[in-house]
2 protein chains.
Amino acid sequence: MIARPHLTVGLAVDLVVLTVRDTRLEVLLIERGVEPFRGRLALPGGFLREGEDLLDAAVRELAEETGIRGIDPCLEQVRTYAAPDRDPRGRIATVAHLAILPDLPAPTAGTDAAGARWEPVRAGSPGLAFDHDTILVDAVEQARRRLENTPLAAQFCRPEFTIAELRAVYEAVWGVALDPRNFHRKVTGLPGFVVPTGEMRSPHTGRPAAVYRRGPATALNPPLQRPA
Amino acid sequence: MIARPHLTVGLAVDLVVLTVRDTRLEVLLIERGVEPFRGRLALPGGFLREGEDLLDAAVRELAEETGIRGIDPCLEQVRTYAAPDRDPRGRIATVAHLAILPDLPAPTAGTDAAGARWEPVRAGSPGLAFDHDTILVDAVEQARRRLENTPLAAQFCRPEFTIAELRAVYEAVWGVALDPRNFHRKVTGLPGFVVPTGEMRSPHTGRPAAVYRRGPATALNPPLQRPA
DNA sequence: ACAAAAGTGTTCACTATACACCCATGC
DNA sequence: GCATGGGTGTATAGTGAACACTTTTGT
């Protein structure tokens, strides 16, 4: 390490906020209200402030730009992007974060954003501003891996949920169909993943489903294997 | 995103360089030659320069501070650390990188480093400078996970290696004993992990072992499960 | 001959999958 | 009753751990 920095950069956080709506995986995007890329879709995010750590900044920006707050911040780093030419404004590095939320009321546009809305995660190229296409792909891949090894999927659900709702999350994120019977046994068998509340919930038609809450487990052992 | 950065920070890379020597997992540390923390052990690293991306900087710093170069840079990001008070010199963020190398000749001290040497990775607190204790723990954990899912372990070995050498890597990094027979079958059975060269190598005593090279696989399917 | 290390075959327990089946509700 | 979705039981195939055993070298 050298005593004096040779270069200072702007340091930003960007957020890939994922949810499952109507069995589809969707991402929260904003329409940029300022240059550069005014009018283009982009991930929410912004610059760090004095005295702020990365997570503080991510939580704050999410609230400012989309009105989403108060959510138990299920936030983790994806990676940092710092290519010299990634931002036309100059030398700016961004630390990408992954956030997983249950289906929520429509977001509200905030500062510097002309609009905020959910968009389905498509395979193709959504044409986002900056290098946000790359960031989105990396974050979705990380979310898929996390579902295998951590109880993260429960974060996509409201605090109380049924096994079928949890299964819908896995099917949406992985893009595969899972056997409802075997899935039920697997997750209820994994210690600490979900705990029953004792209550029941009636679907539109059919037998009522038991209601569960998130369990204390922090890692899944053994992991849920994603079908090849 | 806001048009003008509210804060600029010094951006550094730090390197957790791991190797396996004599069946022990070791990390490359430097003795700091300048303040702050002069004389304390630390991870090699340094600031980004104009026009450099993160990987460029990591490769350059490794060469400058330890004399290690020309190695196929098996380098990946761990995460970014940006707590406001993590560096007494001011607001400095660092992107930690993980590097995996085969056993090499002793490193040479370079600029700003009074010395560079391998140290065993201990469970306790090595008392490194800055927040490097935390970074080291995170990086080792990432290395352990990578061994399960990627052919990364082969990077710990020289270009040509025996299955027993590869097994020694897993045992050192995971800190467990593995069954030589089952391990042999597993890795030779995984498509693309290792490819036989046809040559043999005689150990000090005993039957000669077949020599292998790294295969083309980039992910292990199915993953090698680490014993609980 | 013997020790030591490489590599193979076989057994056994455990796990995942597929799917038949039963249960509880709305209409 | 019947359709619909929730949940359980069970047969079967596949996988991983344990370990006896054979092979090939140095001394």
Side-chain angles (χ1 to χ4, degrees), chain A residues 22-23 147-149 153-154 157-158 160-172 174 176-191 193-213 215 220-228, chain B residues 22-23 147-149 153-154 157 160-172 174-191 193-213 215 220-228:
Chain A
D22 190 26
T23 75
L147 287 206
E148 299 188 64
N149 303 303
C157 300
R158 295 181 189 78
E160 309 213 323
F161 53 89
T162 68
I163 300 297
E165 288 168 356
L166 186 63
R167 178 166 46 84
V169 169
Y170 276 90
E171 294 183 326
W174 283 351
V176 297
L178 299 173
D179 186 303
R181 289 81 55 106
N182 293 331
F183 182 84
H184 184 279
R185 227 173 336 204
K186 246 187 215 172
V187 298
T188 54
L190 282 168
F193 189 5
V194 295
V195 293
T197 64
E199 288 171 35
M200 305 293 267
R201 181 186 300 171
S202 279
H204 185 62
T205 173
R207 170 175 172 176
V211 175
Y212 290 82
R213 249 191 286 272
L220 261 35
N221 221 320
L224 261 69
Q225 198 87 349
R226 160 166 44 154
Chain B
D22 190 27
T23 77
L147 287 206
E148 298 187 65
N149 303 302
C157 299
E160 309 213 322
F161 53 88
T162 67
I163 299 298
E165 287 168 356
L166 186 62
R167 178 167 47 84
V169 169
Y170 277 90
E171 294 183 327
W174 284 350
V176 297
L178 299 173
D179 185 303
R181 290 80 57 103
N182 293 331
F183 181 84
H184 185 279
R185 225 174 338 206
K186 246 187 216 171
V187 298
T188 54
L190 282 168
F193 189 6
V194 295
V195 293
T197 65
E199 289 171 35
M200 305 293 269
R201 183 185 298 171
S202 279
H204 185 62
T205 175
R207 171 176 172 175
V211 175
Y212 291 82
R213 248 191 287 272
L220 261 35
N221 220 322
L224 261 70
Q225 198 86 347
R226 161 165 44 156

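Naming convention: chains lettered A, B, ... in sequence-line order (proteins, then strands); numbering from 1 in each chain.
Across all their heavy atoms, B:Tyr212 and B:His184 have their closest contact at OH-NE2, 4.3 Å. The shortest heavy-atom contact between B:Val169 and B:Cys157 is CG2-SG, 3.8 Å. Summarising the geometry of B:Leu190 relative to B:Pro222, their closest heavy-atom pair is CD2-O, 3.5 Å, with the distance given to 0.1 Å. Taking every heavy atom of both residues into account, A:Glu160 and A:Arg201 meet most closely at O-NH2, 3.2 Å. The two residues A:Val211 and A:Met200 have their closest heavy-atom pair at CG2-C, 3.8 Å.
In this structure, CD1 in B:Ile163 is found 13.5 Å from NZ in B:Lys186, a value given to the nearest 0.5 Å. Here B:Leu224 contributes atom CG and B:Leu178 contributes atom CG; the two are 8.5 Å apart, rounded to the nearest 0.5 Å. One finds the OG1 atom of A:Thr23 at 12.5 Å from the CD atom of A:Glu165 (value rounded to the nearest 0.5 Å). Rounded to the nearest 0.5 angstrom, B:Arg181 CZ and B:Arg167 CZ are separated by 9.5 Å. To the nearest 0.5 Å, atoms CG (B:Asn221) and CZ (B:Phe193) are separated by 13.0 Å.
Residues B:Ser202 and B:Pro227 both approach DNA chain D. Their nearest nucleotides, taken by heavy-atom distance, put B:Pro227 toward the 5′ side.
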Within the 4.0 Å limit for protein heavy atoms, which parts of nucleotides 3-8 of chain C are touched? Write it as a string from 5' to 3', B for base, S for sugar-phosphate only, - for none.
-BBBBB

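Taking 4.0 Å as the cutoff to heavy atoms of chain A, we find the contact window on DNA chain D bounded by D:dT4 to D:dT10.
As rounded to whole Å, 13 Å separates atom P of C:dA16 from atom CG of A:Asp179.
Remark on the helix from C:dA1-D:dT27 to C:dC27-D:dG1: inter-end axis angle 10°, axes from five-pair C1' superpositions, rounded to 10°.
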